[in-house]
Amino acid sequence: MSAQLVAVLAVITVALVFDYTNGFHDAANAIATSVSTRALTPRVGLTMAALGNFIGAHLGGHVAKTVGSGIIDPPTGLNGLGIVFSGVLGAIAWNLITWYFGLPSSSSHSLFGGLVGASLCAVWLGVDAEVLWSGILEKVVVPMVASPLIGFVLGGLLMIAIMWAFRHGPPRSQGFRRAQTVSAAAMAVGHGMQDAAKTMGIIVLALYTGGYHSSKTDIPEWVFLACSTVLALGTYSGGWRIIRTLGRKVIDLDPAQGFAAETVAAGVLFTTSQLGLPISTTHSITSAIMGVGATKRLSAVRWQVAGNILIAWVLTFPAAAVIAMLAYLVAHFAF
């Protein structure tokens, strides 16, 4: 077995590990609101989220193409594989850190930060790599800023519409609990469209860099199957720390509020996935929850918890980049 094939297999392995951590780290995105309102039991919610992730992964080709070809341009061969390997390690490390502290940070931005950090370190060491800054600005930074704002505003507007529709009496909890089954399922599919697709893009990039695939954008069927399966397994394992943060600590949600937040977040995920914009599912659902909660009264949102989440958001990209730099300083001796 050649050294290059071993390196490709190593990258695929760490990419699938990232996919798994992404699953249990972001399981809360799809089900936290439904679990907190008792629309779904935790285990039923996780099962539904895993199935939704599996289905959504097969619909996320546009995002995968962006990740595979629009973030960095590593050289072919071992040097390039070392960059991708280190970038994914940086993302995994930050996912585990934020999971441990129960902070719903973005797995997407940890991945992008890791890839950028490893690439910059490689350039510093004399490797012919390139960070595609225009692609990052257009496909990462702008959506990263815009999607939480859109989620917050639309979440508030939908909740106001629901309150107006039921202005002569409170929304029926039982009806919205049933509706949350649909909105949570939509969230799970949207999560698969976004987050499994990012791992698919990494694997295709590794195959291309290693000389085992002719395109950065054509995704083999086995890659779809592997990434969707691993993400679903990670989701089913659960991310209880983050589920508690999103479902209970930001705001005490009722079924109508949970439905509004999930519906808005799912809509944002579906739209951006079709546009090939790799946004954060975490940002989408958290901002929608805050927007919904703010319609009740501003004090209903626990802004101290929200502030801690915001700090994690801001730190994610640079923190993952620094960890990936350190990883590459070690890994480049083997690649």
Among V88, T229, L231, side chain to side chain contact (heavy atoms under 4.5 Å, CB included) partner for D19:
L231
Any V204 side-chain heavy atom under 4.5 Å of D218 side chain:
no
Do the side chains of L81 and F18 join up, straight or via other hydrophobic residues, at under 4.5 Å, putting them in one cluster?
yes
Side chains of D195 and T199: does their closest heavy-atom pair fall under 4.5 Å?
no
Not counting sequence neighbours, list each pair that qualifies as a ring pair (Phe, Tyr, Trp, His ring centres under 6.0 Å) and has a residue in residues 192-234.
H58-F224
Enter the distance from L269:CG to Q194:CD here, rounded to the nearest 0.5 Å.
6.0 Å
With no hydrogens and no angle check, is any side-chain donor or acceptor of S86 less than 3.5 Å from a backbone partner on I83?
no
Working to the nearest 0.5 angstrom, can you tell me the gap between Q257 CD and I162 CD1?
9.0 Å
Considering only heavy atoms from C-beta outward, does the side chain of I323 approach that of I97 to under 4.5 Å?
yes
Could you identify which residues cluster with L149, counting Ile, Leu, Val, Met, Phe, Trp and Tyr as linked when any side-chain heavy atoms lie under 4.5 Å apart, either directly or through a chain of such contacts?
V145
Taking the side chain as every heavy atom from C-beta outward, state whether L120 and V116 have any pair of such atoms under 4.5 Å apart.
yes
For the backbone of S119 and the side chain of E130, can you confirm whether one donor and one acceptor N or O come within less than 3.5 Å of each other?
no
Whether the side chain of T271 engages the backbone of V268 through a donor-acceptor N/O pair (distance < 3.5 Å, no angle test) should be reported.
no
Between T209 and V8, does a side-chain contact (heavy atoms from CB on, under 4.5 Å) hold up when you go through it step by step?
CA-CA 8 Å; T209 302; V8 170; over 6 Å; no
Looking at H283, is its backbone amide N or carbonyl O close enough to the side chain of T286 to form a donor-acceptor pair, meaning the two atoms are under 3.5 Å apart?
no
With the side chain counted from C-beta on, respond yes when L329 and W124 share a heavy-atom pair under 4.5 Å apart, and no when they do not.
yes
Among the clusters formed by ILVMFWY side chains lying less than 4.5 Å apart, do M193 and V223 turn up in the same one?
no
Applying a strict under-4.5 Å side-chain criterion to I, L, V, M, F, W and Y, I'd like to know whether L132 and L277 cluster together.
no
For the backbone of G276 and the side chain of T66, can you confirm whether one donor and one acceptor N or O come within less than 3.5 Å of each other?
yes
Within a strict 4.5 Å, meaning less than it, do heavy atoms of the L205 and P74 side chains meet?
yes
Side-chain contact, heavy-atom cut-off 4.5 Å: I279 with S284?
yes
Would you indicate whether the side-chain heavy atoms of Y328 and M325 approach each other to under 4.5 Å?
no
